[in-house]
Amino acid sequence: MTTEEIRNAVISAAHDAGDELNRLAGNLAAAEASLAAQRSTIADLSDHLADALARIAELEGPPQTARVLLGMATEAARWDERVALTGPVAARRVFQPTWSISGLIAKVKECLADGLVPVASIKPIPSSGTVADWAGVARGDWDSRFVELGKALAALDVPLYFSIHHEPRGGGVDTPAELVPWARCLARALPIVKAEAPKVLVGTIDNGHPWGEKWGTLTDAQLAVYYIPDLLAACDFLGGDFYDGATATNPGEPAHVKMTNFAAWAKRVGHDGPLLAGEWNFITAQDCRDTWPVLNAGPWAVACLFNSDDNNRSDLPASIGGTWSLKPDTDRLAAFRELLALAAH
């Protein structure tokens with residue numbers, strides 16, 4: 001091949017390469033234009049989606065707070081009788097007064113068989129004793145027993161509420177300093193149960209009167225003496241037993257006042273989980289009705305009415321028959337039925 005022929009071949013190849021480059025450049029431009037169009041379409045779709053979601057939000061309104069479950073605490077032998085009088089409830093309070101895992105599990109299973117949410121508690125009192133071993137639990141002496149309890153609760157494979165030694169005051173224990181061993185007991189044991197039974201919600205069920213405004217009231221600083229950080233950190237829920245406190249000579253104070261103060265305190269200490277009324281009651285029908293807005297506002301999860309003739313004070317007002325239990329054909333019974341109807345809708 002002559003030099004001229006070689007030169008012509010190179011020029012021809014260069015022309016062909018240029019044509020290919022021009023073709024590729026055209027394809028690239030077309031691809032870029034297509035990509036830009038797709039991006040514009042995606043942006044338009046995003047705008048439409050945002051508008052649609054905004055319209056849906058306007059139609060639905062704000063997120064709805066789950067309603068509180070209303071339950072009951074009463075004598076085991078009279079449960080069916082009480083429910084026949086009040087109508088169906090959603091939860092049941094069960095107690096194990098001394099250490100018996102089998103005893104507690106049997107009571108929880110009875111709740112579950114009836115389709116009720118269990119609110120259960122146990123006291124770390126040896127079966128042969130009468131005094132709770134808070135110090136022993138805090139030291140770790142009871143760790144293996146709480147592991148066993150946690151495994152037993154986990155085997156049920158259902159959510160439930162669990163606490164240790166409800167209403168810790170009494171028997172010479174009353175002041176915040178005297179309740180520190182109780183706090184350390186729960187701070188040690190509740191995480192053990194939770195680790196074994198993750199579905200179980202664990203927390204406190206304290207006496208409710210420290211959150212009142214007339215008797216036994218405690219300040220935030222006083223409560224902080226025994227609501228130690230380790231206890232608060234261990235709790236899924238915080239709870240108490242809230243009673244009117246009326247006597248034959250004292251006008252008392254509605255439970256909903258204490259519940260309102262309790263919820264405000266829980267928020268101040270940084271608790272953002274559910275609240276629980278392990279027991280509550282009322283003197284007048286209006287007191288009962290006034291409790292509903294408090295419970296329904298959240299974050300109350302469960303509230304179990306104490307509807308029993310057991311453990312009643314001798315100085316309860318004659319107007320309610322001398323016991324906390326609801327009587328047939330009374331305005332107190334009618335008011336509680338009203339709450340049950342509200343909770344069911």
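Below, all heavy atoms of this structure are taken into account, side chains as well, without hydrogens, waters or symmetry copies.
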Is the Lys NZ or Arg CZ of R92 less than 6.0 Å from the centre of W79's six-membered ring, within 45° of the axis?
yes
For F336 together with W292, are the ring centres under 6.0 Å from each other?
no
Do the two ring centres, one from W300 and one from F237, sit under 6.0 Å apart?
no
CA sep, side-chain torsions, deciding dist, call: T291, M259, side-chain contact (heavy atoms from CB on, under 4.5 Å):
CA-CA 9 Å; T291 303; M259 292 174 177; 3.8 Å; yes
Flag the pair [X] / [Y] as yes when at least one side-chain heavy-atom distance between them is below 4.5 Å, and no otherwise.
{"X": "T219", "Y": "L223", "answer": "no"}
{"X": "D157", "Y": "K199", "answer": "yes"}
{"X": "P328", "Y": "L85", "answer": "yes"}
{"X": "L232", "Y": "L238", "answer": "yes"}
{"X": "P254", "Y": "D290", "answer": "no"}
{"X": "D206", "Y": "P168", "answer": "yes"}
{"X": "V225", "Y": "Y227", "answer": "no"}

Verify side chain to side chain donor-acceptor pair (under 3.5 Å) between D236 and Y161, making sure each step is shown before the conclusion.
CA-CA 9 Å; D236 296 314; Y161 294 88; over 6 Å; no
Non-hydrogen atoms of [X] and [Y] that approach each other most closely:
{"X": "V137", "Y": "D143", "result": "O-OD1, 4.4 Å"}
{"X": "A266", "Y": "L275", "result": "CB-CD2, 3.8 Å"}
{"X": "V68", "Y": "A343", "result": "O-CB, 4.0 Å"}
{"X": "A246", "Y": "I283", "result": "CB-CG1, 3.8 Å"}
{"X": "R82", "Y": "N307", "result": "NE-O, 3.3 Å"}
{"X": "C304", "Y": "A91", "result": "SG-CB, 4.3 Å"}

Would you call the rings of [X] and [Y] parallel, tilted or perpendicular, taking 30° and 60° as the class edges?
{"X": "F242", "Y": "F262", "answer": "perpendicular"}
{"X": "H209", "Y": "W215", "answer": "tilted"}
{"X": "F95", "Y": "H166", "answer": "tilted"}
{"X": "W324", "Y": "Y243", "answer": "tilted"}

Under a plain distance cut-off of 3.5 Å, with no hydrogens placed, do [Y] and [X] share a side-chain donor-acceptor pair?
{"X": "H165", "Y": "W134", "value": "yes"}
{"X": "S121", "Y": "R93", "value": "yes"}
{"X": "D241", "Y": "W280", "value": "no"}
{"X": "S325", "Y": "D309", "value": "yes"}
{"X": "Q96", "Y": "K107", "value": "yes"}
{"X": "R332", "Y": "N281", "value": "yes"}

Is it the case that one hydrophobic cluster holds both [X] and [Y], taking links as side-chain heavy atoms less than 4.5 Å apart, direct or via other members?
{"X": "L69", "Y": "V294", "result": "no"}
{"X": "I164", "Y": "I125", "result": "no"}
{"X": "L295", "Y": "V117", "result": "no"}
{"X": "F162", "Y": "V108", "result": "yes"}
{"X": "L190", "Y": "L156", "result": "yes"}

Between [Y] and [X], is the closest basic N to carboxylate O distance under 4.0 Å?
{"X": "R289", "Y": "D331", "answer": "no"}
{"X": "R184", "Y": "D230", "answer": "no"}
{"X": "D272", "Y": "K267", "answer": "no"}
{"X": "E196", "Y": "K151", "answer": "yes"}
{"X": "E178", "Y": "R169", "answer": "no"}

For the backbone of [Y] and the side chain of [X], can you confirm whether one donor and one acceptor N or O come within less than 3.5 Å of each other?
{"X": "E253", "Y": "E213", "value": "yes"}
{"X": "K123", "Y": "A132", "value": "no"}
{"X": "N261", "Y": "W211", "value": "yes"}
{"X": "K214", "Y": "G252", "value": "yes"}

To the nearest 0.5 Å, tell me how far [X] [atom1] sits from [Y] [atom2].
{"X": "L112", "Y": "L116", "atom1": "CG", "atom2": "CG", "value": "8.5 Å"}
{"X": "H256", "Y": "D287", "atom1": "NE2", "atom2": "CG", "value": "5.5 Å"}
{"X": "L342", "Y": "R337", "atom1": "CG", "atom2": "CZ", "value": "14.5 Å"}
{"X": "L231", "Y": "L186", "atom1": "CG", "atom2": "CG", "value": "6.0 Å"}
{"X": "L218", "Y": "N207", "atom1": "CG", "atom2": "CG", "value": "10.0 Å"}
{"X": "L326", "Y": "S308", "atom1": "CG", "atom2": "OG", "value": "11.0 Å"}

Decide yes or no on side-chain contact (heavy atoms from CB on, under 4.5 Å) for L70 and V302, but give the supporting numbers first.
CA-CA 6 Å; L70 293 183; V302 185; over 6 Å; no
side-chain contact (heavy atoms from CB on, under 4.5 Å) for S163 and V202? Distances and angles first, verdict last.
CA-CA 6 Å; S163 188; V202 300; over 6 Å; no
Do V83 and M72 pass the side-chain contact (heavy atoms from CB on, under 4.5 Å) test, and can you show the C-alpha distance, the side-chain angles, and the key distance before you say yes or no?
CA-CA 9 Å; V83 173; M72 192 161 60; 3.6 Å; yes
